[in-house]
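Chain naming here is simple, since letters A, B, ... match the order of the sequence lines and numbering starts at 1 in each. Values below: all heavy atoms of this structure, side chains included; hydrogens, waters and symmetry mates excluded.
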2 protein chains.
Amino acid sequence: MGRHREFDVEKVLDAALCVFWRKGYEGTSYADLTEAAGVERPALYSAFGNKEALFRKALDRYSERYLDYIPEALKLPTSRQVAAHILYNAVDLNTRHPDHTGCLGINGAVAGSDETEPVRQALIDFRAAGQAQLHERFERAKAEGDLPETANTEALAAFVMAMTHGMAVQAKAGFSRDMLNAVADQALSTWPTKSS
Amino acid sequence: MGRHREFDVEKVLDAALCVFWRKGYEGTSYADLTEAAGVERPALYSAFGNKEALFRKALDRYSERYLDYIPEALKLPTSRQVAAHILYNAVDLNTRHPDHTGCLGINGAVAGSDETEPVRQALIDFRAAGQAQLHERFERAKAEGDLPETANTEALAAFVMAMTHGMAVQAKAGFSRDMLNAVADQALSTWPTKSS
DNA sequence: CCAATTTCATAATGGTCGTTATTAAACCAC
DNA sequence: GTGGTTTAATAACGACCATTATGAAATTGG
């Protein structure tokens with residue numbers, strides 16, 4: 001019983017996600033959020049909690065809605081295909097939406113005031129989780145003989161992640177999709193092979 | 001005539017630079033700046049102008065004091081040495097100071113509120129200037145036969161910059177110097193050669 | 001139809017933001 | 001040493017920050 005909610009929670013979360021994506025955590029104000037969502041402040045608080053909780057929910061939704069290419073990539077047969085799938089799909093995601101280029105994992109917060117530290121750390125953990133999955137996958141590739149015994153799988157995973165981070169920065173700076181794809185090409189040209 | 005300034009302008013600028021380096025432009029408040037510099041607000045305004053002007057001066061000083069390895073790199077004989085010098089020195093710079101890891105060009109601002117847009121753009125230009133120098137140097141390498149005729153020098157320059165950006169993000173996330181050096185190794189592992 | 005409950009919009013909270021008046025102190029030329 | 005000028009420190013400015021108190025509107029169970 002009681003009055004019904006008049007807005008679609010998921011639509012509002014998507015709107016908030018887009019704002020965070022564009023302006024980062026610290027750069028986003030409730031004025032921005034209410035304008036984008038078409039919903040007043042107290043409604044946001046009652047539906048999602050405070051700003052940090054809202055950001056964390058937006059980050060979860062980002063994972064679900066936009067990063068499905070990562071589990072896809074991990075299932076591919078060779079480590080090179082895994083890396084290629086991730087890099088090219090990252091370029092696509094970073095340049096697909098003209099009003100929020102780059103990546104929430106980077107735009108959200110790289111540096112910031114002390115008050116934003118928990119969010120910054122959450123993003124560090126978020127990125128580390130992706131890197132750990134990649135590391136694990138490359139370990140499997142080594143066991144399967146897809147990667148040479150000498151391969152530093154941890155560094156390889158960190159390298160792919162560094163590329164996605166760097167390209168995200170460049171996408172946010174306005175780099176074209178074509179340019180970033182060429183950058184990804186160059187990154188993949190360094191990929192180790194079993195027979196070298 | 002008139003009273004003398006009681007603080008060292010360069011020391012105060014260095015202090016401000018360190019704060020911006022750690023917290024970024026938007027994450028830095030005048031409370032932070034005055035505490036770090038040991039100088040009151042009005043003194044900062046009279047010596048440097050407003051927050052944006054102070055940041056721009058800090059960025060200039062950053063260039064002079066910390067990025068001298070870039071002109072050094074450009075003078076090296078081969079494009080591979082140029083890239084290696086930049087990447088390893090970037091790792092060093094990104095991890096040398098425990099209280100401000102990463103790079104001001106990235107930490108300063110990747111995303112932010114609309115008010116920070118001029119600073120964000122200044123950093124984009126700043127990074128683009130470095131990339132242009134690199135591009136030019138790689139063009140020369142191609143003319144000298146150091147790089148193959150087929151090399152995409154613009155993408156190569158963007159690739160090296162993407163690596164520095166990505167490693168800067170990782171350094172700010174706490175990655176070790178050793179890990180980042182291994183990432184740089186991977187990036188350099190298949191630099192294009194004249195004879196391939 | 002009434003009472004209980006939930007959401008709504010308005011507007012206020014205390015705090016911090018960047019930026020400056022304001023006034024006292026220190027200096028130099030005369 | 002006095003007058004003119006520059007800097008220093010205190011404290012204030014309006015604006016915006018995230019958060020919430022308040023009361024009207026809407027809904028359902030009894």
*If each of A/Pro42 and A/Asp32 is mapped to the nucleotide of DNA chain D with the nearest heavy atom, which maps nearer the 5' terminus, i.e. the 5' end?*
A/Asp32
*Interatomic distance where CG belongs to B/Leu44 and C1' belongs to D/dA9 [whole Å]*: 13 Å
*Counting side-chain heavy atoms from C-beta on, which of D/dA9, D/dT19, C/dC8 comes nearest to B/Glu40?*
D/dA9
*Name the orientation class of the two ring planes belonging to A/Phe55 and A/Phe20 (parallel below 30°, tilted from 30 to 60°, perpendicular beyond 60°).*
perpendicular
*Hey, which of these two, A/Ser46 or B/Tyr45, hits DNA chain C nearer its 5' end, going by closest nucleotide?*
A/Ser46
*Return the 5'-most residue of the pair B/Glu52, B/Gly2 with respect to DNA chain C, ranking by each residue's nearest nucleotide.*
B/Glu52
*asked:* Rounded to whole Å, please give me the gap between CZ in B/Phe55 and P in C/dC17.
replied: 18 Å
*Is it true that the NZ or CZ of B/Lys51 lies under 6.0 Å from the centre of B/Tyr25's six-membered ring and within 45 degrees of the ring axis?*
yes
*Between C1' of D/dT20 and OH of A/Tyr30, the distance in whole Å*: 11 Å
*Nearest-Å distance for atom pair CD/C1', residues B/Glu115 and D/dG14*: 15 Å
*Would you say C/dT19 has OP1 or OP2 under 4.0 Å from some side-chain N or O of B/Asn50?*
yes
*Starting at OH of A/Tyr25 and ending at P of D/dC17, how long is that distance when rounded to a whole Å?*
13 Å
*Give the rounded distance in Å between these two atoms: CD of A/Glu6 and P of C/dT7.*
11 Å
*A/Arg5 CZ to C/dT5 P: how many Å, rounded?*
18 Å
*Name the closest nucleotide to the A/Arg3 side chain, picking from C/dA25, D/dT10, C/dT7.*
C/dT7
*Could you give the CZ-to-P distance, from B/Phe7 to D/dA8, as a whole number of Å?*
5 Å
_Any base atoms under 4.0 Å from A/Thr28, or only sugar-phosphate, or nothing? Heavy atoms, all strands._
sugar-phosphate
*Whether B/His97 and B/His100 hold their rings parallel, tilted or perpendicular, with breakpoints at 30° and 60°*: parallel
*Would you please test A/Ser63 and A/Asp60 for side-chain hydrogen bond (donor to acceptor under 3.5 Å, both in side chains) and show each step?*
CA-CA 5 Å; A/Ser63 246; A/Asp60 287 343; over 6 Å; no
*Mapping A/His4 and A/Gly49 to their closest nucleotides on DNA chain D, which lands nearer the 5' end?*
A/Gly49
*Using the six-membered ring wherever Trp is involved, compare the ring planes of B/Tyr30 and B/Tyr45 and label them parallel, tilted or perpendicular (cut-offs 30° and 60°).*
parallel
*Given C/dG18, D/dA9, D/dT19, the nucleotide with the shortest approach to the side chain of A/Lys51*: D/dT19
